[in-house]
Each structure stands twice: as C-alpha cells, then as structure tokens.
Amino acid sequence: MSETDFCPSALGTKEHWDAVYSRELKSFQEYGDEGEIWFGEGSMSRVVRWINAQKIPRSSSILDIGTGNGMLLVELAKAGYSNLMGVDYCADAIALARSICEQEEVSQSVNLQVTDFLGSFSPSEQFDICLDKGTFDAVSLDPSNTQGKRSQYLNVLCTVLKPKGLFIITSCNWTKEELIKQFGKEFEIKDELPTPSFSFGGQSGHSVTALVFQRRDNS
Ligand SMILES: C[S@@+](CC[C@H](N)C(=O)[O-])C[C@H]1O[C@@H](n2cnc3c(N)ncnc32)[C@H](O)[C@@H]1O
C-alpha cells in the first residue's frame, strides 16, 4: 500500500485497542494466555538479537512505544537489560503487561505507564533507544487526522530520544522506502533487520519491515 492510498481504519482508534486488551487481560486472568505477539515471536527475537549484537550497555534506557502486553520488554529484561520502560494508552494493556512481568519475575527492570504517547508523555530523561512494533502502524490508521498524528509522533519521538539515539521500528503497513521518507529528515538509517519474505505472481517482497534508525544530531 502506498502513502497516497493509505486507509484509515478502526484499528487506529483507542476504542479498538481498549476492546482488544480488555479481552486479552481477561484471557490471561482466566487461562494464563499472554495474548497476541504482533508479527510473531521472530519479530521480538530479531530486535533483541540485534541490540545484543551491538554490545549496547545493559543499563541503557529503552522505551517501548505502545508496548501492548509488554512481551518485548520481558525478552529484553531476560537478556539482562534493566532500565526498561513501556507506555501504552490502554489501561488494560498496561495491567496485562504488569501481570506478565510479575509472572516472569522481571518487574524490577520494567517501568510501565498508562500514557498517550501523542499527548501526555513527558519523561524526566531522554532515552538511549526507542522501540516500536506496530504502534506507528496503528497511529497511521487513526481515522481522525492521520497526517497530523504521524507528524505528532515524529515530534514526540524527537523530544524523548537522545540525539544519536536509536529508533528500532517494525511495521507491516510501511515499506522501507516509505519509512525512510517519514523519518529521514530527523533520522538516518543504520540497519535493516532481516524479515521473512514472500513471493507471489513472480514478485517478491516482505510483509513486515524492521529498520534501525539513528537520530541525527542537529545541535
Ligand atoms: C499493533 S499493537 C502492538 C503492541 C506491541 N507493541 C506488540 O508488539 O505486541 C499497537 C499498540 O499501540 C498502542 N497505541 C496506539 N496508539 C497509541 C498512543 N497514541 N499512545 C500509546 N499507545 C498507543 C495500542 O494500544 C497497542 O497496544
């Protein structure tokens, strides 16, 4: 899908995510089911592996934007990262993430907060790394003012991420070229993580794109 025919949808609304995480929280409480891992287990291990391979200090501050059930943070905590934060505007997502962190005994390393990333988020310090797995996709689908929401996302990201900080995004709605177009003014691309490819009708492509950007130091 190209930027010009991008279709807003209910998936971009808080009501949608509230309903999803209300169900997932209940399911965790009743059956211990941790819920959906967006883009599959591989999408988490790719990010954790890449961060590990860079020998990034375990004390680096890492923010997961729109953390959902917080499983990416759980995996990072298990890999030894101890300064982790997750925000989500759904209270039930954060309640679910908290319960999972307790169950996995990583609560000490993970700070979780109910926050609208585009509205009320003002952390006391900038982060070394920001992660996004599916959240920019959701923001892009917001039926009200999608272009404005995307600009707001970029503004907040640049406020909360240190200059030269890393932004690792996994998306199923945007291609590599489109993401570079969205973020390229403030960020340079540093790496592309391998994602499963498909081929159809003689064409091949990727259903998921995972990129590492580094914030330019414009100071
Ligand atoms: C596709 S889900 C991905 C969840 C999680 N990152 C994962 O990989 O499992 C998108 C997430 O973004 C959250 N979200 C969307 N817009 C947000 C906003 N403005 N502020 C905070 N969270 C938001 C939703 O509540 C949802 O948890």
Side-chain angles (χ1 to χ4, degrees), residues 6 8-28 33-48 50-51 62-77 84-101 104 110-123 127 129-161 167-174 179 182 193 195 207-211:
F6 210 81
S9 117
L11 266 74
T13 66
K14 183 167 182 299
E15 290 72 26
H16 171 80
W17 295 110
D18 279 340
V20 167
Y21 286 106
S22 154
R23 260 194 326 268
E24 297 215 343
L25 178 60
K26 204 158 164 254
S27 174
F28 179 78
D33 177 2
E34 289 156 354
E36 177 151 9
I37 300 194
W38 285 88
F39 314 138
E41 296 262 353
S43 68
M44 290 196 301
S45 45
R46 262 193 302 275
V47 171
V48 177
W50 189 90
I51 292 177
I62 304 180
L63 170 71
D64 187 22
I65 303 164
T67 195
N69 61 11
M71 286 302 292
L72 181 53
L73 295 175
V74 169
E75 292 305 310
L76 283 165
L84 305 171
M85 179 166 195
V87 294
D88 204 290
Y89 63 3
C90 288
D92 282 348
I94 293 297
L96 175 61
R98 281 206 180 106
S99 303
I100 294 174
C101 283
E104 300 291 332
V110 185
N111 176 12
L112 293 160
Q113 195 175 296
V114 180
T115 298
D116 182 347
F117 182 70
L118 304 185
S120 48
F121 188 47
S122 57
F127 293 88
I129 303 178
C130 288
L131 307 175
D132 180 313
K133 192 157 69 67
T135 302
F136 184 68
D137 287 346
V139 166
S140 305
L141 290 169
D142 191 325
S144 66
N145 188 14
T146 143
Q147 177 61 51
K149 293 273 167 72
R150 280 185 265 148
S151 310
Q152 175 68 355
Y153 181 100
L154 180 60
N155 288 343
V156 179
L157 181 62
C158 289
T159 312
V160 303
L161 181 65
F167 172 53
I168 307 177
I169 179 166
T170 305
S171 167
C172 69
N173 281 344
W174 300 98
L179 287 170
Q182 299 275 341
L193 309 190
T195 55
S207 53
V208 175
T209 305
L211 300 179

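For ligands, and for the atoms within them, numbers begin at 1 and follow the listed sequence. In this text the structure is predicted, and so the values were computed from the model without any measurement.
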For atom 8 (O) of ligand 1, what's the nearest protein heavy-atom neighbour? Residue, atom name and distance, please.
Lys133 NZ, 2.7 Å
Geometric class of the Trp38/Trp17 ring pair [parallel <30°, tilted 30-60°, perpendicular >60°]
perpendicular
Among all the protein's non-hydrogen atoms, which is closest to atom 12 (O) of ligand 1, and how far away is it?
Thr135 OG1, 3.2 Å
Closest heavy-atom approach to atom 13 (C) of ligand 1 among Asp88, Leu141, Asp142 is made by Asp88
The protein heavy atom nearest to atom 19 (N) of ligand 1 is Asp116 OD1, 2.8 Å
Polar side-chain atom of Ser22 near backbone of Asp92 as donor-acceptor pair, under 3.5 Å
no
Member of Leu63, Thr67, Leu112 meeting the side chain to side chain contact (heavy atoms under 4.5 Å, CB included) criterion with Met85
Leu63
For ligand 1, does Thr67 get within less than 4.0 Å through its side chain, its backbone, both, or neither, judged by non-hydrogen atoms?
backbone
Less than 4.5 Å apart, any side-chain heavy atom of Ser171 and any of Leu179?
yes
Would you kindly specify which portion of Phe117 sits under 4.0 Å from ligand 1, judged on non-hydrogen atoms: side chain, backbone, both or neither?
both
Side-chain touch Leu73/Glu104, heavy atoms, less than 4.5 angstrom
no
Mind checking whether Lys26 and Arg23 have side chains closer than 4.5 Å, heavy atoms only?
no
Cys90 near ligand 1 by a heavy-atom separation under 4.0 Å
yes
If the cut-off is 4.0 Å to any non-hydrogen atom of Leu118, which atoms of ligand 1 fall inside it?
19 (N)
the protein heavy atom lying closest to atom 9 (O) of ligand 1 turns out to be Trp38 CD1, 3.1 Å
Do Gln182 and Tyr153 come within less than 4.5 Å of each other through their side chains, counting heavy atoms only?
no
In terms of atom number and element, which parts of ligand 1 are under 4.0 angstrom from non-hydrogen atoms of Tyr21?
4 (C), 26 (C), 27 (O)
Between ligand 1 and Trp17, is the shortest N or O to N or O distance under 3.5 Å?
no
Determine whether any heavy atom of Phe39 lies closer than 4.0 Å to an atom of ligand 1.
no
Does Thr115 come within less than 4.0 Å of ligand 1, judged by its heavy atoms?
yes
Identity and separation of the nearest protein heavy atom to atom 18 (C) of ligand 1:
Tyr89 CD2, 3.4 Å
In the structure I gave you, are the side-chain heavy atoms of Leu76 and Asp64 within less than 4.5 Å of one another anywhere?
no
min-distance protein heavy atom vs atom 5 (C) of ligand 1 -> Gly66 O, 3.3 Å
Does even one non-hydrogen atom of Ile37 get within less than 4.0 Å of ligand 1?
no
